[in-house]
Every structure is written in structure tokens, then in C-alpha cells.
Protein chains: 2
Amino acid sequence: MRTLNERSDVVPRIAEVFRELGYEGTSLSQIIERTGVGKGSLYHFFPGGKEEMAGAVLADVDAWFERHVFQPLQDEDSDRAIATMWDAVNSYFCSGGRICLVGAFALDETRNRFADVIAGYFRRWIQALTGALVRQGWDKAAAAATAEEIVLGIQGALILARALGDQAVFSRSMQRLQVRTRRSSHRR
Amino acid sequence: MRTLNERSDVVPRIAEVFRELGYEGTSLSQIIERTGVGKGSLYHFFPGGKEEMAGAVLADVDAWFERHVFQPLQDEDSDRAIATMWDAVNSYFCSGGRICLVGAFALDETRNRFADVIAGYFRRWIQALTGALVRQGWDKAAAAATAEEIVLGIQGALILARALGDQAVFSRSMQRLQVRTRRSSHRR
DNA sequence: TTTAGTTTGTACCCAACAGTATAGAAGAGC
DNA sequence: GCTCTTCTATACTGTTGGGTACAAACTAAA
């Protein structure tokens with residue numbers, strides 16, 4: 001039986017704290033309180049302190065998307081790939097009840113600490129989605145533009161749903177965006 | 001000649017600090033340093049401290065949009081109204097170089113402090129834009145859906161532009177969104 | 001020029017902050 | 001059971017956080 005913590009199962013718990021409070025709004029004491037992991041363990045796993053914790057969290061999120069969204073987008077059959085993405089997005093963001101950590105970090109001064117990871121995450125997403133659309137028969141420019149609009153639309157929907165305190169806004173937006181990735185949408 | 005400060009000309013300077021650093025990331029010392037206003041003056045104008053400062057900043061932003069975007073949207077001739085909105089949005093957000101304070105506040109725990117103002121800002125914007133589209137001949141449901149997509153698209157574009165460190169993303173997105181508010185777009 | 005009201009600088013408060021040191025507990029391999 | 005490594009709790013440090021107190025400086029109106 002495993003009673004002690006491992007770094008890998010602490011990361012997602014810390015992620016949730018950063019997601020709710022933001023990088024600057026998250027204090028060590030909050031992390032300790034909400035995760036139940038003591039300060040000793042925390043600094044054992046992350047000698048670099050808060051910044052290293054946030055870095056690990058970002059890397060974890062990035063890896064999750066790489067595995068469940070970006071890779072499928074470039075490997076699977078294009079129809080299936082895009083369907084997988086929409087499923088993943090809907091469940092990951094809990095139908096709008098959860099925000100995008102990477103997007104949140106992009107907005108304030110925190111961006112400068114993690115500029116590369118943040119930019120990489122979005123670039124990769126857009127690139128992978130563009131590829132899937134091209135394989136579906138879209139011309140390259142239209143695919144790139146649409147991919148950008150989809151990714152940006154998801155971020156906007158998360159903001160708006162949270163701002164209005166209404167998850168339905170997110171669901172509605174996902175449906176409208178989803179329609180635009182249908183096989184037929186590139187000829188209109 | 002005026003050498004002393006007035007509350008009204010201090011607010012926009014504080015706004016810029018909150019915009020760059022976020023609510024939690026902004027410390028009193030940062031405000032003092034970046035605005036050049038001393039702690040004495042600050043607490044004289046805002047006895048409620050940091051929270052009152054942020055409240056004043058939000059009210060100021062809201063008032064600006066009310067005057068330059070929302071009112072025009074519901075008063076002016078619909079074509080003109082929408083054109084005014086796009087001009088205002090482009091210049092206000094400095095072509096993507098500046099983020100939306102209200103959107104940023106919506107993402108973390110800060111939302112809970114200012115939930116009403118934040119929700120009100122977006123509700124009002126969507127409502128005013130919906131009205132203008134209806135006056136342009138759109139049917140009500142389509143107008144509401146499009147207004148939501150436009151507002152959310154602007155927020156998403158701000159996130160993405162900042163995440164990628166590329167203002168061109170914002171300009172591109174604004175052009176694509178703008179096309180959708182053209183008089184002809186509601187019949188496709 | 002006095003006076004009343006507004007604005008400002010400075011010194012101070014305590015709580016919370018990130019981070020350190022270290023001793024001890026728990027688990028794995030032998 | 002012994003030992004080496006990994007993990008954890010606790011007490012402690014210096015710094016910065018938001019906020020207060022108040023006296024001095026400034027301005028406008030009489």
C-alpha cells in the first residue's frame with residue numbers, strides 16, 4: 001500500500017489550486033491547505049518553489065493535451081481525430097466549469113515566466129488542428145484560419161462562461177464551433 | 001495650475017497596473033511605483049484600499065464602454081453603430097497589445113469579488129450588439145448567437161495574441177469577426 | 001492673509017509571504 | 001533486522017504584503 005506521496009500524483013492537485021486562484025493568487029499555504037501535502041514534501045518535490053510547481057503543472061497540462069488532443073489530431077483519421085478533440089475539450093473543461101490554465105497564465109505578468117510553454121501549447125494545438133482539417137480536404141489557408149478561430153473561440157467561451165457564471169454559454173459555443181469543423185464546412 | 005492629483009486622473013493610471021499584473025499580482029508598492037502616486041494619496045482617494053481601487057478601475061472601464069460602445073450600439077444607425085464598435089475595440093485594445101481587464105478578472109478568484117460588474121459588462125455588450133444586429137434585419141435568435149460569438153471571439157483573440165506574443169493574430173481575428181457583422185451576413 | 005478643506009509623505013503595525021534547516025518517519029532492498 | 005533513500009513535519013528566518021496614523025504641505029475662497 002502506498003501512503004506517501006509521489007511527485008506525479010501531487011502535480012494534478014496543485015494544478016487545481018493554480019487553476020482556481022491564478023499564479024499570483026496562489027500562496028504556498030493555500031497549496032498546502034487544499035492539497036493536504038505538507039511544506040516539507042512540497043519543497044522536496046519542487047526545490048525551485050512556487051515557480052517550479054507552476055512549471056510542472058504547465059508541463060503536465062501540456063503533456064495531457066499532447067496525448068489526448070494533439071497526437072490524435074495528427075495521427076487518427078481526420079473525422080475521428082476532430083471528434084476526439086471535441087470530446088476531450090468538453091470533458092477536460094467540464095463543460096465550461098473549469099478554465100484553461102494556460103490561457104489564464106497568458107493574461108497577466110505570469111506569461112513572461114512561462115512564455116515558451118504557453119506559446120508552444122497554442123501553436124501546437126493550432127498546427128495539429130490545421131493538419132487535420134487539411135486532411136479533410138480544406139485548403140491550407142482556410143484550414144489555418146479556421147483552426148485559429150476554433151482555438152481562440154474555446155478560450156473566449158471559457159472566459160465568457162465564467163464571467164456570466166453560466167456554463168450553457170460554453171456548451172452553446174462548443175456546438176457552434178463544432179459545426180464549423182464538419183467535413184462539409186469548407187465549401188460554402 | 002494643477003500640481004496635486006485628483007481621483008479621476010489617478011484611476012486610469014492604476015488601471016494600467018492592474019491590467020498588466022492582474023488583481024492578485026498587483027501590490028500597493030507596484031501601484032505607487034508605476035503611478036508615482038504616494039500611499040497617502042492612494043488611501044485618501046480609496047479608503048477601501050486595493051479592493052476599492054480595483055472597483056473604481058472596473059467602473060471606469062465599464063463607463064468607457066458604455067459611452068463609446070454600448071450607447072452607440074443602441075442609439076446610432078445600425079451600420080454606423082457597428083462600425084463605431086469595431087473602431088473602438090481596435091483602438092481600445094491597441095490592436096491586441098492590451099488585454100481586457102474585465103476578462104482577466106473573470107478568470108481567477110478575483111471574479112467572486114466583482115462578479116456583478118463583470119457579468120454586467122458582458123451581458124450589456126452582448127445585449128447592445130444583439131439589438132444593433134436585429135435593427136440590421138437579423139432574426140432575433142441568430143443575432144443573439146452572433147453577438148455572443150463576436151464578444152467571445154474578441155476575448156479569445158486577446159488571449160491568443162498575448163499567448164503567442166503576436167498582435168497580428170488579433171488583427172486577423174478582428175477582420176474575420178467584422179465580416180460576420182456585415183449587413184449581408186445574416187442570409188447565407 | 002487668514003482659514004478651512006484637500007492632498008501628500010513618512011513612519012509604523014501586524015499578518016502573511018516564500019523559502020530554509022533539520023530531525024525524524026516510512027518504505028525498499030538486502 | 002539493518003541500512004540507505006525517500007518522504008514528511010515542524011520550527012524558524014527575513015521580506016513584503018495591505019493597511020493605519022498623523023503631521024506637514026498645498027490650494028481655494030473669504
Side-chain angles (χ1 to χ4, degrees), chain A residues 1-60 101 104-105 108-114, chain B residues 1-60 101 104-105 108-114:
Chain A
M1 189 188 116
R2 163 140 296 282
T3 61
L4 278 64
N5 287 316
E6 275 178 39
R7 193 186 134 117
S8 61
D9 56 44
V10 161
V11 171
R13 282 192 271 163
I14 299 178
E16 233 41 50
V17 186
F18 278 120
R19 201 189 299 279
E20 279 176 45
L21 309 178
Y23 181 77
E24 294 291 350
T26 298
S27 66
L28 268 290
S29 44
Q30 285 284 354
I31 296 181
I32 290 161
E33 192 180 309
R34 301 204 186 197
T35 62
V37 180
K39 190 177 269 200
S41 313
L42 244 23
Y43 274 89
H44 171 67
F45 293 128
F46 312 97
K50 189 177 164 181
E51 179 151 2
E52 189 176 342
M53 297 177 207
V57 163
L58 277 179
D60 193 53
L101 197 101
F105 277 16
D108 56 36
E109 195 56 9
T110 311
R111 191 200 87 105
N112 300 331
R113 289 177 193 262
F114 306 106
Chain B
M1 190 188 117
R2 164 141 296 284
T3 62
L4 278 67
N5 287 315
E6 275 178 38
R7 193 185 133 119
S8 60
D9 57 43
V10 161
V11 171
R13 283 192 271 166
I14 299 177
E16 232 42 47
V17 185
F18 278 119
R19 200 189 300 276
E20 278 175 46
L21 308 178
Y23 181 77
E24 294 292 348
T26 298
S27 66
L28 267 291
S29 42
Q30 285 284 355
I31 296 180
I32 290 161
E33 193 180 308
R34 301 204 187 198
T35 62
V37 180
K39 193 177 267 202
S41 313
L42 244 24
Y43 276 88
H44 170 68
F45 294 129
F46 312 98
K50 189 177 163 180
E51 180 152 1
E52 189 176 341
M53 295 176 208
V57 162
L58 277 179
D60 193 53
L101 197 103
F105 277 16
D108 57 33
E109 196 52 12
T110 311
R111 191 200 87 104
N112 300 331
R113 291 176 192 262
F114 305 107

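Keep in mind that this is a model prediction, so the values were computed, not measured. Each chain gets a letter, A, B and so on, in the order the sequences are listed, and its residues count up from 1.
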Round to the nearest Å and state the distance from [X] atom [atom1] to [N] atom [atom2].
X: I32(A); N: dA11(D); atom1: CD1; atom2: C1'; result: 13 Å
X: R113(A); N: dA18(C); atom1: CZ; atom2: C1'; result: 11 Å
X: L42(A); N: dT22(C); atom1: CG; atom2: P; result: 20 Å
X: L21(B); N: dG18(D); atom1: CG; atom2: P; result: 11 Å
X: L28(B); N: dC17(C); atom1: CG; atom2: P; result: 16 Å
X: E33(A); N: dA16(C); atom1: CD; atom2: P; result: 12 Å
X: F46(B); N: dT7(C); atom1: CZ; atom2: C1'; result: 13 Å
X: K39(A); N: dG19(C); atom1: NZ; atom2: P; result: 9 Å

Of the options [options], whose atoms approach the side-chain atoms of [X] most closely?
X: S27(B); options: dG17(D), dG9(C), dT20(D); result: dG17(D)
X: S41(A); options: dA9(D), dT8(C), dG18(D); result: dA9(D)
X: N5(B); options: dA11(C), dT8(C), dT20(C); result: dT8(C)
X: H44(B); options: dT6(C), dG19(C), dG17(D); result: dT6(C)
X: E6(A); options: dT7(C), dC7(D), dC17(C); result: dC7(D)

Item to complete: Quick one: pull up CD1 in I31(B) and CD in E16(B) and give me the separation to the nearest 0.5 Å.
Response: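 Nearest 0.5 Å value for the CD1-CD distance: 12.5 Å.
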
Worksheet item: Checking only heavy atoms, does the side chain of K50(B) share a donor-acceptor pair with the base of dG19(D) at less than 3.5 Å?
Response: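 Checked by distance alone, the answer is no.
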
Worksheet item: Which part of the nucleic acid, if any, lies within contact of F45(B), taking any heavy atom under 4.0 Å across all strands shown: a base, the sugar-phosphate backbone alone, or nothing?
Response: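 Sugar-phosphate: the residue F45(B), judged by heavy atoms under 4.0 Å, touches backbone atoms but no base.
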
Item to complete: Please figure out whether E24(A) or G40(A) has its closest DNA chain C nucleotide nearer the 5' end.
Response: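 The 5'-side residue here is E24(A).
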
Worksheet item: Closer than 4.0 Å, any side-chain N/O of S29(B) to the OP1 or OP2 of dT16(D)?
Response: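 The answer is no; no side-chain N or O of S29(B) sits under 4.0 Å from OP1 or OP2.
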
Worksheet item: Aromatic rings Y23(A) and F18(A): how do their planes relate, parallel, tilted or perpendicular, breaks at 30° and 60°?
Response: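 Ring orientation of Y23(A) relative to F18(A): parallel.
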
Worksheet item: With a 4.5 Å heavy-atom cut-off, do V17(B) and V57(B) have their side chains touching?
Response: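 They are not in contact (no side-chain heavy atoms under 4.5 Å apart), so the answer is no.
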
Worksheet entry | Close side-chain approach of L28(B) to M53(B), heavy-atom, < 4.5 Å |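 Yes, at least one pair of side-chain atoms sits under 4.5 Å.
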
Worksheet item: If you look at every heavy atom in R7(A) and E52(A), which pair is closest and at what distance?
Response: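 Between these two residues, the closest heavy atoms are NH1-OE2, 3.6 Å.
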
